[in-house]
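These numbers were taken from a predicted model, which means no experiment stands behind them.
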Amino acid sequence: MSDFVVNMFSDTVTRPTPGMLQAMMTVEVGDDMGGEDPTVNRLESMVAELLNKEAAVFACSGTQSNQMGIRSHCFPGDELLIEENGHIARFEGGAPAAISGITTRTVRGRHGMVDVSDLEGKVHADNQHLATTKLLCCENTTNGGGGRAWPVDQLQRICGWAHEVGLKTHLDGARLFNAVTTSNVHVREICDGFDTVSICFSKGLGCPMGSILVGSKENIHRARRIRKMMGGALRQVGIIAASAIYALENNVERLAEDHANARTFAEAISRIDGISIDLDGVESNLVFFGLDPEIGDASQLSSALRERGVRIGAMGPQMLRACTHLDVDAAGVVRAADAVAECVQAGIKQFAASKFGPFCRA
Ligand SMILES: *Cc1c(COP(=O)(O)O)cnc(C)c1O
């Protein structure tokens, strides 16, 4: 098997650039558990100010900052509402229930997004028989929903409605700056309606780790206590905060390149017989595409690509997801699209030739 040449598995695979490493090496640090790391403090106030919120707290991962946010709004016996493809509902190990005693009620939407009509009637009345509906969680860009950026008016409408009916609002902004890039608005327009916002530094922003939770002083105070309980309060973590500051200053504008590369890739694979893709749905750095079952299944195509030095993950029996980021350039996505074409054509030929079907190495 070759070393991965084009790794489009996720935007979490990026390695820190020399500039980022330099920023990390020359940083002032202290004991952050005591609030004494000047670089963490600088990052927290920088992001709070950027989003026009009162406070922020660094977290180890996006899962951790989502769970800190959720727990800062809810008590055991409460429930949250979320679109059924949401990361919080599907990919955080059941954490709302396990960590906070919270029920997750999923709602079917479109492309990971919901509107007021999907949620009306879903808020429980105050009744001892029922879980207390406390929180609405949204995700922007949507991941499981296909890399879409919410229309800003829809976000504002849904947050307005949520507050009217007494819900708190949390935004899983793992890829918030991808959403900003797609929507071409100030980040505040996306975040204003949310009581808490979680942002990942470890995705498109290119840091080795880290996330941040932003919100009111009261929520962030609670979130700090929860972070400590989760074992996520760290010491000289200014080394990591320095990478996040560097990313905010250097890696936000360039997300547009990732989106352009995703589009190039999407258009190239749309011309391959046996691949299905909704080109209009490619709005950010995530490209979801389907494989005709006559050719093979998604995991077979993923393995065949891997042998050709291209890594793209299977997201369902016939669905794959390719992801662009700062370690994949324009030539890389062309190479990857060529590899998809080769594999699919090889698969088709093999299928015609063999009763065992495509990619079958048995
Ligand atoms: C990646 C991701 C997270 C956080 O994941 P971690 O691996 O815990 O950092 C949260 N939400 C979404 C939508 C994500 O894609």
Side-chain angles (χ1 to χ4, degrees), residues 47-48 50-54 62 65-66 69-70 72-74 78-90 96 102-126 130-200 213-216 218-219 255 259 278 280-284 286:
V47 180
L50 180 65
L51 268 60
N52 196 28
K53 307 269 187 223
E54 288 174 359
S65 63
N66 276 335
I70 290 168
S72 80
H73 294 295
C74 300
D78 290 346
E79 79 174 356
L80 64 82
L81 297 176
I82 185 168
E83 206 280 336
E84 64 185 7
N85 291 296
H87 195 274
I88 288 167
R90 287 178 64 197
I102 295 163
T103 317
T104 298
R105 193 140 58 108
T106 56
V107 177
R108 178 157 303 175
R110 289 148 306 276
H111 310 300
M113 300 175 280
V114 289
D115 213 330
V116 172
S117 56
D118 302 305
L119 298 172
E120 269 168 343
K122 300 271 192 316
V123 179
H124 288 155
D126 183 9
L130 306 174
T132 310
T133 316
K134 190 66 77 64
L135 181 66
L136 171 67
C137 294
C138 300
E139 188 174 303
N140 199 13
T141 58
T142 64
N143 178 359
R148 306 291 184 104
W150 288 63
V152 174
D153 60 333
Q154 187 175 339
L155 268 185
Q156 288 166 346
R157 182 162 62 242
I158 208 170
C159 289
W161 171 85
H163 287 141
E164 259 169 45
V165 299
L167 299 182
K168 298 293 183 185
T169 52
H170 172 77
L171 179 63
D172 177 353
R175 296 185 179 81
L176 176 63
F177 290 101
N178 293 94
V180 168
T181 304
T182 300
S183 299
N184 196 23
V185 293
H186 193 279
V187 66
R188 289 181 190 175
E189 285 190 53
I190 292 174
C191 298
D192 276 354
F194 289 96
D195 297 301
T196 47
V197 178
S198 164
I199 305 168
C200 287
L213 181 74
V214 198
S216 70
E218 195 187 329
N219 277 108
L255 291 171
H259 293 196
D278 171 13
D280 290 339
V282 179
E283 294 186 353
S284 64
L286 305 178

* To do: Can you establish whether the number of heavy atoms outside Glu218 located under 6.0 Å from its atom CD is more than 12?
  => no
* To do: Check the surroundings of atom CG in Asp126: do more than 12 heavy atoms from other residues, nucleotides or ligands lie under 6.0 Å from it?
  => no
* Checking side-chain contact (heavy atoms from CB on, under 4.5 Å) for the pair His259/Asn178: CA distance, chi angles, key distance, verdict? -> CA-CA 8 Å; His259 293 196; Asn178 293 94; 2.9 Å; yes
Please report the interatomic distance [atom1]([X]) to [atom2]([Y]), rounded to the nearest 0.5 Å.
X: Leu155; Y: Phe194; atom1: CG; atom2: CZ; answer: 4.5 Å
X: His73; Y: Thr169; atom1: NE2; atom2: OG1; answer: 6.5 Å
X: Thr141; Y: Asn143; atom1: OG1; atom2: CG; answer: 7.0 Å
X: Ile199; Y: Leu50; atom1: CD1; atom2: CG; answer: 7.0 Å
X: Asn85; Y: Glu139; atom1: CG; atom2: CD; answer: 8.5 Å
X: Leu81; Y: His124; atom1: CG; atom2: NE2; answer: 8.5 Å

* To do: Using side chain to side chain contact (heavy atoms under 4.5 Å, CB included) as the criterion, point out the one residue from Arg148, Glu83, Glu283 that pairs with Thr142.
  => Arg148
* Asked: Taking NZ, NE, NH1 and NH2 as the nitrogens, is one of them in Arg110 or Asp115 under 4.0 Å from a carboxylate oxygen of the other?
  -> no
Can you find a heavy atom in the side chain of [X] that is under 4.5 Å from one in the side chain of [Y]?
X: Ile158; Y: Gln154; result: no
X: Arg175; Y: Leu255; result: no
X: Asn66; Y: Cys137; result: no

Closest contact, heavy atoms only, [X] versus [Y]:
X: Glu189; Y: Val152; value: O-CG1, 3.8 Å
X: Lys53; Y: Gly215; value: CB-O, 3.7 Å
X: Lys168; Y: Asp195; value: CA-OD2, 3.4 Å
X: Ser183; Y: Ala149; value: OG-CB, 3.8 Å
X: Gly62; Y: Cys200; value: CA-SG, 3.7 Å
X: Ala89; Y: Thr106; value: CB-CG2, 3.8 Å

* Does one side chain, of Thr133 or Glu79, offer a donor that lies under 3.5 Å from an acceptor on the other? ->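 Glu79 and Thr133 do have a side-chain donor-acceptor pair below 3.5 Å.
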